[in-house]
Amino acid sequence: MVEQKLEERLKEWFGFDSFRSGQKEPIQSILDKKDTIAILPTGSGKSLIYQYAGYSIPGTILIISPLLSLMDNQVMQLKKTGEKRTAALNSMLSLEERRLIENNIEKYKFLFVSPEMLQSNHFLNLLRTIKIGLFVIDEAHCISQWGQDFRPDYLFLGEVRRRFNNPLTLALTATAPEKVVNDIIAVLHLSKEQTEIHRNNPNRSNIFYKIVDTTARDKDEILLELLTEYPMPGIIYFTSKLQAEKINQFIRLHTSLRVATYHADRTNEDRMTIQKQFLENKLDVICATAAFGMGINKKNIRSVIHYHLPGSLEEYLQETGRAGRDGKQSIATLLYSYSDFSFKNRKNHETALDEQMMKNIYENKNSSLDDLSDSDRAMLQIVQYKKMNKQEAVLFVNNRIEEKTRQLFAMNDFAKTQECKRKIISNYFEHESQEKPFWCCSICNPNQAELLKEMPVTEPMIEKKDASLKNWKEIIKVLFLL
DNA sequence: CGCCTGGCACATATGTGCCAGGCGGTGCTATATT
């Protein structure tokens, strides 16, 4: 009876006849007033969960989002469906726009913010004047993945929750092994017993996992071979911007593929142009760093190649998971070289507070934050925020290095193992062994000549000119407000 | 836990051999300057 009601409202509010897999359970859990962690694949309609909740419960839905572009996307989508009570409060706003929103704060139903914004007292006080019906953390794996050594404000969200009197909370993510779920629970100060966790099967049976054992010397030539064989479009992931640029040139020189780079040094405008071209099948290959990912929803990516070893299986699964969203056969290829592992391992061990820094922190000297690397600065902020003493700080840093090392070794073991790759993934993400597809991995199917014949060739997408152009203009407008 | 690059010496006028040094990546926000 309740189920029928849920679906009636779905029809009424969103015009859909039925929920997609994995949407209904977390919605029910929220309606039952239980803190909820929902793990479901990208593209499965995560935002519908908090939108639905928004129409069912009183108060403002506050959504913490990691990227300005994601916030803009969500606001645009909501407005397109007629929901005007929506805003993103961030540094892109002009002073006037900001005032307008702040003066009418209680009128907004959906508010998007960055975790950094929630550290400003001005903003916290403003939000305490309204009732927060649901506290949503979108892309919640960022808590574990970015909070620890890159964006420390993610780690302070539990304190923010407490200041709002612990509102009903929903964490949404696509990839979360138990360690990440535990981090989310701990950081947000949720109760391990009372939080409902909804896990959906991440099995991507249409992705073939291939590992090529190689060396840095032979890599480029192997890559070239792969690119001539593989159907496109594809992404090549690098862990260095310089290398992405170099290989971009190399591919241009040796093939007729349409290729571009995407990383943090590209301007926002370039990034959007490239993303748009890729979406419209005007580019065959993107040479990218980890910057290319979240919020990119292209269905027909046939191939994801890792030029370098990712730092963790979480990262690897997120990136390979961008292939084959259309359900058709796709291929994930890792170009493994031992030197990449060894280099990364050394780098991980370098992220430590050195003697001078420790002195600066604990003798209250004003150490210049500008001289520090991002990860050192983040570490410093965490140490100061949590008021750790010297001993605790050393322990914290060592634990962090240990954790990173553990993740890297898990990734390395995955690459080197002679067992089924899919089985390792299932184990790591704590899922019961999944049914083995016919095309599984380079261990189960060492002879892959037939695989490529079965892969679909790129079909040109029918452009929805109206919609995409309109959005595009909106994005440009927002950009020029800078 | 490796591998590439650049500089230099060396034997010859361009190539070779050696050795030291270098070597990630994710983005908020605030503020000063055009």
Side-chain angles (χ1 to χ4, degrees), chain A residues 64-72 88-95 98 112-124 138-139 141-157 160 175 213-220 236-247 261-268 271 287-296 306-312 314-316 318-319 335-351 369-370 373-378 381 404-405 407-409 411-413 415-416 482:
Chain A
I64 291 100
S65 171
L67 302 179
L68 299 176
S69 60
L70 284 187
M71 294 184 212
D72 278 345
L89 259 168
N90 57 42
S91 61
M92 307 279 275
L93 297 174
S94 69
L95 202 60
R98 192 170 166 150
F112 294 82
V113 294
S114 65
E116 286 79 6
M117 211 58 165
L118 290 173
Q119 286 303 301
S120 120
N121 274 327
H122 166 76
F123 191 62
L124 273 183
D138 200 9
E139 309 286 357
H141 60 275
C142 291
I143 287 176
S144 176
Q145 223 159 285
W146 282 4
Q148 306 284 342
D149 49 19
F150 175 54
R151 289 175 70 178
D153 295 309
Y154 262 105
L155 297 188
F156 313 146
L157 287 177
V160 172
T175 353
D213 235 312
T214 180
T215 58
R217 200 186 292 267
D218 299 334
K219 235 184 223 184
D220 295 1
I236 309 172
Y237 274 108
F238 298 82
T239 62
S240 138
K241 293 178 276 195
L242 185 68
Q243 284 275 52
E245 288 292 343
K246 279 187 178 165
I247 296 297
T261 63
Y262 190 110
H263 51 68
D265 287 351
R266 306 297 310 258
T267 63
N268 278 347
R271 286 206 213 186
C287 293
T289 61
F292 191 68
M294 273 191 291
I296 285 146
H306 279 91
Y307 187 90
H308 292 125
L309 189 74
S312 67
E314 286 93 315
E315 220 177 298
Y316 174 74
Q318 265 164 32
E319 289 164 356
L335 300 178
Y336 179 86
S337 94
Y338 179 73
S339 60
D340 293 338
F341 165 68
S342 122
F343 170 65
K344 232 180 166 82
N345 194 28
R346 190 169 46 252
K347 274 296 190 189
N348 283 346
H349 283 86
E350 280 171 18
T351 45
L369 288 175
D370 299 338
S373 70
D374 285 344
S375 64
D376 280 353
R377 193 181 310 129
Q381 271 173 274
K404 279 184 138 184
T405 305
Q407 290 182 329
L408 181 63
F409 273 71
M411 184 66 227
N412 196 57
D413 290 348
K416 298 301 291 179
L482 261 174

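Note on naming: letters A, B, ... go to the chains in the order of the sequence lines (proteins, then strands), and numbering restarts at 1 for each one. These figures come from a predicted structure and were not determined experimentally.
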How close or far is atom [atom2] of [N] from atom [atom1] of [X], stated in whole angstroms?
X        : N      : atom1 : atom2 : result
A:Ile236 : B:dG25 : CD1   : C1'   : 17 Å
A:Asp72  : B:dC28 : CG    : P     : 10 Å
A:Glu139 : B:dC28 : CD    : P     : 13 Å
A:Leu408 : B:dG24 : CG    : C1'   : 12 Å
A:His308 : B:dG25 : NE2   : P     : 10 Å
A:His349 : B:dC23 : NE2   : C1'   : 17 Å
A:Gln407 : B:dG25 : CD    : C1'   : 14 Å
A:Tyr237 : B:dT26 : OH    : P     : 11 Å

Test side-chain contact (heavy atoms from CB on, under 4.5 Å) on A:His308 and A:Lys344 and set out the steps.
CA-CA 10 Å; A:His308 292 125; A:Lys344 232 180 166 82; over 6 Å; no
Can you tell me, in whole Å, how much space there is between the [atom1] of [N] and that of [M]?
N      : M      : atom1 : result
B:dC23 : B:dT29 : P     : 31 Å
B:dA9  : B:dT14 : C1'   : 14 Å
B:dG17 : B:dT12 : P     : 13 Å
B:dG24 : B:dC28 : P     : 23 Å
B:dA11 : B:dC18 : C1'   : 15 Å

Report, as a single string ordered 5' to 3', how protein heavy atoms within less than 4.0 Å touch nucleotides 29-34 of chain B: B base, S sugar-phosphate only, - not at all.
S-----
Just checking [X]: base, sugar-phosphate only, or nothing, at a heavy-atom cut-off of under 4.0 Å?
X        : answer
A:His263 : sugar-phosphate
A:Lys241 : sugar-phosphate
A:Arg271 : sugar-phosphate

The reported gap from CD in A:Gln243 to NZ in A:Lys219 (rounded to nearest 0.5 angstrom) is 7.5 Å
Enter the distance from A:Gln145:CD to A:Phe150:CZ here, rounded to the nearest 0.5 Å.
11.5 Å
Minimum heavy-atom distance A:Tyr307-A:Phe238, with the two atoms named
CG-CE2, 3.4 Å
So which heavy atom on A:Thr175 is nearest to which on A:Glu314, and how close?
CG2-O, 4.3 Å
One should report the stems of DNA chain B, each a stretch of at least three consecutive Watson-Crick or G-U pairs at distances under 3.5 Å, as B:2-10 with B:15-23
Collect all protein-nucleotide pairs involving nucleotides 2-5 of chain B in which both atoms are nitrogen or oxygen and the distance is under 3.5 Å.
unit_1: B:dG2; atom_1: O6; unit_2: A:Arg346; atom_2: NH2; d: 3.2
unit_1: B:dG2; atom_1: N1; unit_2: A:Arg346; atom_2: NH2; d: 3.3
unit_1: B:dC4; atom_1: OP2; unit_2: A:Arg217; atom_2: NH2; d: 3.3

Residues in salt bridge (Lys or Arg N to Asp or Glu O under 4.0 Å) contact with A:Glu116, at least two apart in sequence or another chain
A:Arg151
Tell me, please, which residues at least two apart from A:Asp213 pass salt bridge (Lys or Arg N to Asp or Glu O under 4.0 Å).
A:Lys416
A:Phe150-B:dT26 aromatic stacking (under 5.5 Å, under 30°):
yes
Which residues pass the side-chain contact (heavy atoms from CB on, under 4.5 Å) test with A:Thr261, not counting sequence neighbours?
A:Glu245, A:Asn248, A:His263, A:Arg266, A:Cys287
Check: A:Met71 and A:Ser114 side chains under 4.5 Å, non-hydrogen atoms:
yes
Under a 4.5 Å cut-off applied to non-hydrogen side-chain atoms, are A:Val113 and A:Leu118 in contact?
yes
What I want to check is whether the side chains of A:Asn412 and A:Tyr336 have a donor and an acceptor closer together than 3.5 Å.
yes
If only side-chain N and O atoms count, and only distance matters, is there a donor-acceptor pair under 3.5 Å linking A:Glu319 with A:His306?
yes
